[in-house]
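Just so you know, ligand 1 is whichever comes first in the structure, and atom 1 is the first atom listed for that ligand.
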Amino acid sequence: MAKRNKIALIGAGNIGGELANLAVSKQLGDVVLFDIPAKADFAKGKALDLSQNSAVLGYDATISGTSDWADVAGSDVLIITAGVPRKPGQSRDDLVGINLPIIQNVAENAKKYCPDAFTIVISNPLDVMVWAFREVTGFAANKVAGMAGVLDSARLQYFLAAEAGVSVKDVRAMVLGGHGDDMVPARGYCTINGVPVSQVIASDKLDAIEKRTRGGGGEIVKLMGTSAYYAPASAAIAMAEAYLLDQKRLLPAAAHLTGQYGYNDLYLGVPVVIGGGGIEKIVEIGLSDAEKDMLAKSAESVRGVVDVAKKLWSK
Ligand code: APR
């Protein structure tokens with residue numbers, strides 16, 4: 001018998017709700033919105049709202065809210081937003097102490113209830129949370145990805161399109177490295193329908209755009225008092241869709257490196273191919289010396305926070 005995919009969203013907050021909305025609107029499968037017991041009714045309420053929305057928008061999906069991991073069992077895709085978002089003035093790294101035990105708890109349950117899922121982690125600090133999730137679960141590295149590169153690249157694409165006065169649809173961009181203030185916008189791979197952006201936008205303007213991209217999440221936190229959720233959700237759904245529909249998309253994502261780009265046992269944003277096998281390939285592209293230096297700095301920052309996580313674990 002044919003059956004729908006099952007997509008579990010761990011964390012039914014701002015991003016979780018938008019993930020659910022996109023997943024069912026795109027008919028990717030049935031959705032389980034999971035949250036802690038104190039938020040179980042909230043998750044159930046969101047699920048009911050989205051179920052009723054199916055009558056208006058016309059999609060077929062079962063959407064449920066729960067705080068019972070048994071309801072998550074057997075999921076094909078897990079998307080994790082469990083944890084707290086940033087408040088104004090906080091860096092993503094400031095969240096490690098609060099979000100690490102949450103990820104650990106989620107990982108222990110994921111290992112027990114959905115060992116076959118393709119997992120996408122969104123919780124911050126992203127590169128460390130996705131590393132911690134894989135450490136605890138021991139899942140195959142191709143089945144555990146972190147979402148940051150698609151979002152950071154989308155922010156860059158939007159700013160480039162606005163500056164050049166062209167449709168954002170024609171702008172491609174690639175942001176690599178950790179999901180932090182020293183992320184790496186790879187200028188050589190940013191094009192407007194194949195035309196290098198450096199031929200269309202002056203270099204001082206590009207510098208300013210790249211700076212704004214690096215602080216793109218913080219700019220929204222400052223405006224809203226909490227972190228972004230529409231673009232983060234869309235970015236993760238693009239990754240889930242690539243897996244579920246075996247699209248073999250080449251996207252920047254946090255992947256477990258085992259020597260690629262010169263880094264080992266580290267999750268870092270790099271170009272990957274996502275298809276039915278999960279992260280099917282890590283693609284090594286040529287980088288300029290300046291980009292290599294930026295990547296090294298970014299990797300060093302991620303490694304520093306991984307060390308903080310290891311110390312917290314040893315306590
Ligand atoms: N299991 C499941 N859900 C949890 C757990 C847990 N152990 N601990 C916390 N949560 C839930 C919270 O109850 C909350 O409903 O995670 C949800 C997070 O939702 P929001 O506070 O609205 O945060 P959101 O904006 O969705 O961001 C979530 O993603 O981008 C990152 O920095 C962001 O780390 C943050 C995460």
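- For atom 32 (O) of ligand 1, the nearest protein heavy atom (residue, atom name, distance) is Asn124 ND2, 2.9 Å.
- Closest to atom 26 (O) of ligand 1, if we only count protein heavy atoms, is Ile15 N, 2.9 Å.
- No donor-acceptor distance shorter than 3.5 angstrom exists from the side chain of Asn99 to the backbone of Pro125, with no hydrogens or angles considered.
- With hydrogens left out, the protein atom closest to atom 8 (N) of ligand 1 is Ile102 CG2, 3.5 Å, a heavy atom.
- With a 4.0 Å cut-off on non-hydrogen atoms, Thr226 does not touch ligand 1 at all.
- Ranking the protein heavy atoms by distance from atom 36 (C) of ligand 1 puts Thr81 O, 3.3 Å first.
- Between Val106 and ligand 1, no N or O atom pair is found at a separation short of 3.5 Å.
- Polar contact with ligand 1: present for Asn14 (N/O pair, distance under 3.5 Å).
- Side-chain N or O atoms of Thr213 include none that pairs as donor or acceptor with a backbone N or O of Arg155 at under 3.5 Å.
- Judged by distance alone, with hydrogens and angles left aside, the side-chain atoms of Lys6 form a donor-acceptor pair with the main-chain N or O of Ala73 at under 3.5 Å.
- The aromatic rings of Phe139 and Phe133 lie perpendicular to each other, with more than 60° between the two planes, well past the 30° mark.
- If you check which protein heavy atom lies closest to atom 13 (O) of ligand 1, you get Asp35 OD1, 2.6 Å.
- Side-chain contact, Ser301 with Asp182: a donor N or O sits under 3.5 Å from an acceptor N or O.
- Summary of contacts: the protein heavy atom closest to atom 5 (C) of ligand 1 is Ile36 CG2, 3.4 Å.
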